[in-house]
Participant: 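Pasting a structure here, questions to come.
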Amino acid sequence: MITQLSESVVDLMLSPPDGRLRDATFDLIDALTPTGDARIPRSGHVLCQLFEQVALGLQRIIDVPGAVIDELVGEEVAGSRILAACVKVLLKRAVQVAMENAMAPLVVLHLNACICALTFCPASEKHRSLEENCTMPLVRDRLSRA
């Protein structure tokens, strides 16, 4: 049941956020709430905080290949920082080419999670982290396409 509910939420994240996504998300939250525990309130900043964290998690997943390469290569190759930089650039480009199609859906989900967080936030001026974590990635994406 959890798998089906999570699939529904992710599928709905690929469309503009609406009441169906809100309902599906709360259905998932309710299904994950142990019997006897208090229900998560259906008001306030619950959905914007949830989707902000989804956006942050997706961004971290997208960033993993570069971070792994930096860790694997280190600061020097054969005693040279220049060679290390070259290896990093080549490996990152190779991974980018190899994963281009695989990463595209994650990028779309990341940006849509940002849109969901902003859409469902009842008062973004009271939720300052949304600007850095959700508005700015959308702006950067838009500018990169200009």
Participant: Report yes or no: does Lys88 contribute a side-chain atom to a donor-acceptor pair with the main-chain N or O of Gly74 at less than 3.5 Å?
Facilitator: yes
Participant: Could you check whether any side-chain N or O of Ser8 sits under 3.5 Å from a backbone N or O of Gln4, counting only pairs where one atom can act as donor and the other as acceptor?
Facilitator: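 No, because the side chain of Ser8 does not come within donor-acceptor range (under 3.5 Å) of the backbone of Gln4.
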Participant: With clusters defined by side-chain heavy atoms of hydrophobic residues (ILVMFWY) lying less than 4.5 Å apart, directly or transitively, does Met136 cluster with Leu130?
Facilitator: no
Participant: Within the 4.5 Å heavy-atom criterion, are Cys116 and Leu21 side-chain neighbours or not?
Facilitator: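 Of all side-chain heavy-atom pairs linking Leu21 with Cys116, at least one is under 4.5 Å.
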Participant: Using every non-hydrogen atom in the two residues, find where Met13 and Leu109 come nearest and quote the distance to one decimal.
Facilitator: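 Between these two residues, the closest heavy atoms are CE-O, 3.8 Å.
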Participant: Over all heavy atoms of both residues, which pair between Ala113 and Phe51 is shortest? Give the atoms and the distance, please.
Facilitator: O-CB, 3.6 Å
Participant: Any side-chain heavy atom of Val73 within less than 4.5 Å of one from Ile69?
Facilitator: yes
Participant: Provide the closest heavy-atom pair for Ala117 versus Glu52 in the form atom of the first, atom of the second, distance.
Facilitator: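 Looking at all heavy atoms of both residues, the shortest contact is CB-N, 3.6 Å.
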Participant: When you look at CD of Glu125, are more than 12 heavy atoms from neighbouring residues, nucleotides or ligands closer to it than 6.0 Å?
Facilitator: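 Atom CD in Glu125 is packed in, count exceeds 12.
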Participant: Could you state the interatomic distance from CG (Leu28) to CG (Leu50), rounded to the nearest 0.5 Å?
Facilitator: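 One finds 8.0 Å between CG of Leu28 and CG of Leu50.
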Participant: For the atom pair CZ (Arg20) and CG (Asp27), what is the distance rounded to the nearest 0.5 Å?
Facilitator: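 Between atom CZ of Arg20 and atom CG of Asp27 there are 13.0 Å.
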Participant: Looking at CG of Asn112 and CG of Leu12, how far apart are the two atoms once the value is rounded to the nearest 0.5 Å?
Facilitator: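 So the CG of Asn112 and the CG of Leu12 are separated by 11.5 Å.
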Participant: Please examine the side chains of Arg93 and Val97, heavy atoms only from C-beta on, and report whether any two atoms are closer than 4.5 Å.
Facilitator: yes
Participant: Taking C-beta and beyond as the side chain, do Lys92 and Val89 meet within less than 4.5 Å on heavy atoms?
Facilitator: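 No. Closest side-chain heavy atoms not under 4.5 Å.
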Participant: Evaluate whether atom CD1 of Ile2 has more than 12 neighbouring non-hydrogen atoms of other residues, nucleotides or ligands under 6.0 angstrom away.
Facilitator: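 More than 12 heavy atoms, drawn from other residues, nucleotides or ligands, come within 6.0 Å of this atom.
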Participant: Taking all heavy atoms of Ala38 and all of Thr33, pick out the closest pair and write down the distance.
Facilitator: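 Residues Ala38 and Thr33, closest heavy atoms: O-CG2, 3.8 Å.
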Participant: Does any N or O in the side chain of Asn133 come within less than 3.5 Å of the main-chain N or O of Ser129, such that one atom is a donor and the other an acceptor?
Facilitator: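 Yes; at least one donor-acceptor contact below 3.5 Å.
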Participant: Name all pairs fulfilling the ring pair (Phe, Tyr, Trp, His ring centres under 6.0 Å) condition that reach into residues 126-146, sequence neighbours left out, sorted by first residue then second.
Facilitator: His45-His127
Participant: Rounded at 0.5 Å granularity, tell me how far CG in Leu111 sits from CZ in Arg142.
Facilitator: 12.0 Å
Participant: State whether the side chain of Ser80 and the backbone N or O of Val77 hold a donor-acceptor pair below 3.5 Å, judged by distance alone.
Facilitator: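 A pair under 3.5 Å: no.
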Participant: Using links of under 4.5 Å between side-chain heavy atoms of ILVMFWY residues, direct or through other members, which residues join Leu72 in one cluster?
Facilitator: Val64, Val68
Participant: Could you tell me which residues satisfy side-chain contact (heavy atoms from CB on, under 4.5 Å) with Asp30, sequence neighbours excluded, listed by chain and number?
Facilitator: Arg39, Arg42
Participant: Taking all heavy atoms of Ile29 and all of Ile40, pick out the closest pair and write down the distance.
Facilitator: CG2-CG1, 3.5 Å
Participant: With rounding to the nearest 0.5 Å, note down the distance linking CE in Met1 to CG in Leu32.
Facilitator: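 Reported value, rounded in 0.5 Å steps: 9.0 Å.
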Participant: Has the side chain of Ser124 got a donor or acceptor atom that lies under 3.5 Å from a matching backbone atom of Cys121?
Facilitator: no
Participant: Are Leu56 and Leu118 linked, directly or through intermediate hydrophobic residues, by side-chain heavy-atom contacts shorter than 4.5 Å (ILVMFWY only)?
Facilitator: no
Participant: Say you draw a straight line from CG of Leu138 to CG of Leu143; how long is it, rounded to the nearest 0.5 Å?
Facilitator: 11.0 Å
Participant: Tell me whether Leu91 shares a hydrophobic cluster with Ile62, the cluster being built from Ile, Leu, Val, Met, Phe, Trp, Tyr side chains joined at under 4.5 Å.
Facilitator: yes
Participant: Are Ile61 and Val107 connected in a single hydrophobic cluster, I mean Ile/Leu/Val/Met/Phe/Trp/Tyr linked by side-chain heavy atoms less than 4.5 Å apart?
Facilitator: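 Yes, one cluster joins them.
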Participant: Could you report the tightest heavy-atom contact between Phe26 and Pro41, atom names first, then the distance?
Facilitator: CE2-O, 3.6 Å
Participant: Might you confirm whether atom CD of Glu132 has over 12 heavy atoms from other residues, nucleotides or ligands at distances under 6.0 Å?
Facilitator: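 Not more than 12 within 6.0 Å, no.
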Participant: Should the pair Asp18-Arg22 be classified as a salt bridge under the 4.0 Å nitrogen-to-oxygen rule?
Facilitator: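 The answer is no: the pair does not qualify as a salt bridge.
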